[in-house]
Amino acid sequence: MHFSFYVFPFLLTIGLSSLWASPYLHVTTKLNLGFSGGPSASVFASDTVDRYGSNWRGLEIPLENGRYYERIDPFFALIFDAGLDSFRVHIEAPLRKDLEAWYDSPLHSNWTLSPSDLDINVPTDAYAKWNNKAGFVQVGRFKPDLGPSPNTLAVGGAPYHDAILWRFFASRFRYDFLLSSLNPWLHGTPESTGVMPGDSTEAYKQIYGSVDNQRNRSYSEPYKTLIYHSFGLDFERFWVKFIEQSLVGGKQIEFRSMNPFMFLHDNYGSGYTKASSLFEWGFRPVPQSSFYWQVNLEDVASPVGETEGTTTRTIVSYFTGFRYEWRTLSQGDFIFRFDVVYTDPAYNNQELPLLKYTSRRMYRSNYRSQTDPDFADMYFVDYPLGYRRGPDALDMWLDVSWKKGIHKANLELGYLRQGDKNLYTDYETAIQTSNGLSGVVESQYIADLIYYRECVRFVKLYLGGGARFVQNFEHQEGEKEKDFWLRSGIVISNTFFD
């Protein structure tokens, strides 16, 4: 059963009404030349995770490098928008700098004239979308917006998903369903077929590892799928949601595992499913304002288990925030957002690699020459499927945006603290650490400001930069670090067939 089996029925619902509407095509070109700096790790790659032959490597890239690389704009993009009535197809064909080429650039410029410096992992934004009176259906590659803030505990940190998203709002009823196909690549696969993988590799752990109640069954097929669905009620002053996420790994997805209208499922998929339950509620004291809260529960103790003694603890993470829109007559419009996030040291972790809540992004690269002694052409970043900075964190974010006519600005401030447990930490070690901010705690103070000005219809300028001050940098006791970066450039865009 293929992923398309689930997509096709949704596409059939577009309806015959579109036959009498006028189709359209917009083609936009966008040139963006500038500097796109940001905080980064002390090294480009933290580990060699795959080898093939005498001079081929796959490298593990720190999350910090990947997160800030993914926010840069391509230096050129050709954008297609075509539609008919409420149905729309959007495809972006971008040219942007390779991940390592961007990291090595002293000012992190986003443009290049060298073919080997081009990113070959595009497009990252291409989808079809059908809007209707009660929501929409979206299919393709895109970044879903499913939380009250970018710091949400659900879905979260991946730059995009290959997915189908169905949103249905009817009166006070709120429903979202996301089915996302993830990269199941495991590190440590042997160079030759029939050879046993090393016992410290992900490939070995997926085959021979187990979780409670797995009962000696093995699930090691190359599949990894995220299922998200939420039911909620939204009133004028408050809303409430119950959200369930299920990660199915090592086994092909079945309808009973992704049934859009079932919660808990009662499948008892030990060994191939990791589920989490999230409760979200919010309050709107005055118009254009909202307080919101989320509580995420993982590994809720079951009364049945195959190991003696006490069961493992429940993993609990929290998120709360406030958002306010302030519109003035003479000073423009402001949006303020303040968030606080706490994640458990074992948040989104699991014994089996394909059950960790990560979206493994594989970047192929032509940046290094094959004659280099350290040649590598594959870079891997594991983006959290949840809070964007991952586990063992206690973070505070303040964001302020302003817009007035042709002027726009965004300010981001962060006080970020994180313990030394991450998604690569052994699950048993993480689960035994019951208190957050474990081990050597890294503290960051971040400020980032950018200003935009529209000069004429097709031209926009932007100027900004930021700074970061770190204590116990990369969890090294007493190590301090300072980062400064520039974000500035010019954007020239034009739309044809408008």
Side-chain angles (χ1 to χ4, degrees), residues 1-12 61 63 66-67 69-71 74 77 79-82 87-94 96 99 119-130 135-147 150 152 154-167 176-186 221-230 245-255 257-260 272-274 348 353-365 378-386 388 423:
M1 189 176 296
H2 299 287
F3 185 71
S4 60
F5 174 83
Y6 307 112
V7 175
F8 186 65
F10 288 106
L11 298 181
L12 292 178
I61 308 303
L63 175 62
R67 282 203 310 114
Y69 171 72
E70 284 294 346
R71 82 174 185 176
I79 304 168
F80 297 89
D81 271 299
F87 183 73
R88 175 194 178 205
V89 174
H90 175 86
I91 300 174
E92 293 193 17
R96 68 174 182 175
L99 171 58
D119 177 28
I120 57 175
N121 305 279
V122 294
T124 58
D125 193 21
Y127 57 84
K129 189 173 184 179
W130 174 53
F136 62 84
V137 176
Q138 188 171 3
V139 181
R141 176 172 289 186
F142 57 92
K143 184 174 178 64
D145 182 9
L146 294 170
T152 178
V155 183
Y160 66 80
H161 287 262
D162 292 300
I164 176 170
L165 172 61
W166 176 26
R167 171 161 293 174
D176 285 307
F177 173 79
L178 177 77
L179 182 66
S180 176
S181 178
L182 304 171
N183 184 3
W185 184 285
L186 293 176
E221 297 180 60
Y223 298 102
K224 186 174 183 179
T225 308
L226 176 70
I227 305 117
Y228 167 103
H229 47 195
S230 70
Q245 291 189 119
S246 295
L247 192 63
V248 178
K251 188 177 186 296
Q252 194 169 19
I253 189 71
E254 303 168 305
F255 183 78
S257 297
M258 51 77 66
N259 185 338
Y272 66 87
T273 301
K274 177 179 172 64
N348 283 350
L354 290 180
L355 295 186
K356 291 181 185 285
Y357 268 73
T358 59
S359 175
R360 176 158 289 172
R361 179 85 160 91
M362 178 175 66
Y363 297 88
R364 298 301 297 262
S365 175
M378 299 178 71
Y379 309 140
F380 298 92
V381 181
D382 286 336
Y383 293 97
L385 292 172
R388 53 181 168 159
L423 289 168

List the atom of [X], the atom of [Y], and the distance in Å for their closest heavy-atom pair.
X	Y	result
Arg360	Trp185	NH1-O, 2.9 Å
Asn121	Arg361	O-NH2, 3.3 Å
Ser359	Leu182	OG-CD2, 3.9 Å
Lys274	Leu355	CD-O, 3.3 Å
Met258	Phe177	O-CE1, 3.5 Å
Asp81	His90	OD1-ND1, 3.0 Å

Output, in order, the C-alpha distance, side-chain angles, deciding distance and verdict of side chain to side chain contact (heavy atoms under 4.5 Å, CB included) for Ile253 and Tyr223. CA-CA 8 Å; Ile253 189 71; Tyr223 298 102; over 6 Å; no
Between Arg96 and Glu70, does any NZ, NE, NH1 or NH2 come within less than 4.0 Å of an OD or OE carboxylate oxygen?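 Salt bridge flag = yes for Arg96 with Glu70.
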Any side-chain heavy-atom pair from Leu99 and Ser365 closer than 4.5 angstrom?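 No - every pair of side-chain heavy atoms lies 4.5 Å or more apart.
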Partner residues of Lys356 under the side chain to side chain contact (heavy atoms under 4.5 Å, CB included) criterion, sequence neighbours left out: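 Residues passing side chain to side chain contact (heavy atoms under 4.5 Å, CB included) with Lys356: Asn349, Thr358.
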Who passes side chain to side chain contact (heavy atoms under 4.5 Å, CB included) against Leu146, sequence neighbours left out?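 For Leu146, the residues satisfying side chain to side chain contact (heavy atoms under 4.5 Å, CB included) (neighbours in sequence not counted) are Pro144, Val155, Leu165, Arg167, Asp176, Leu178, Tyr228.
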Between Tyr127 and Arg88, is there a side-chain donor-acceptor contact under 3.5 Å, judged purely by atom types and distance?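 The criterion, which ignores hydrogens and geometry beyond distance, is satisfied for Tyr127 and Arg88.
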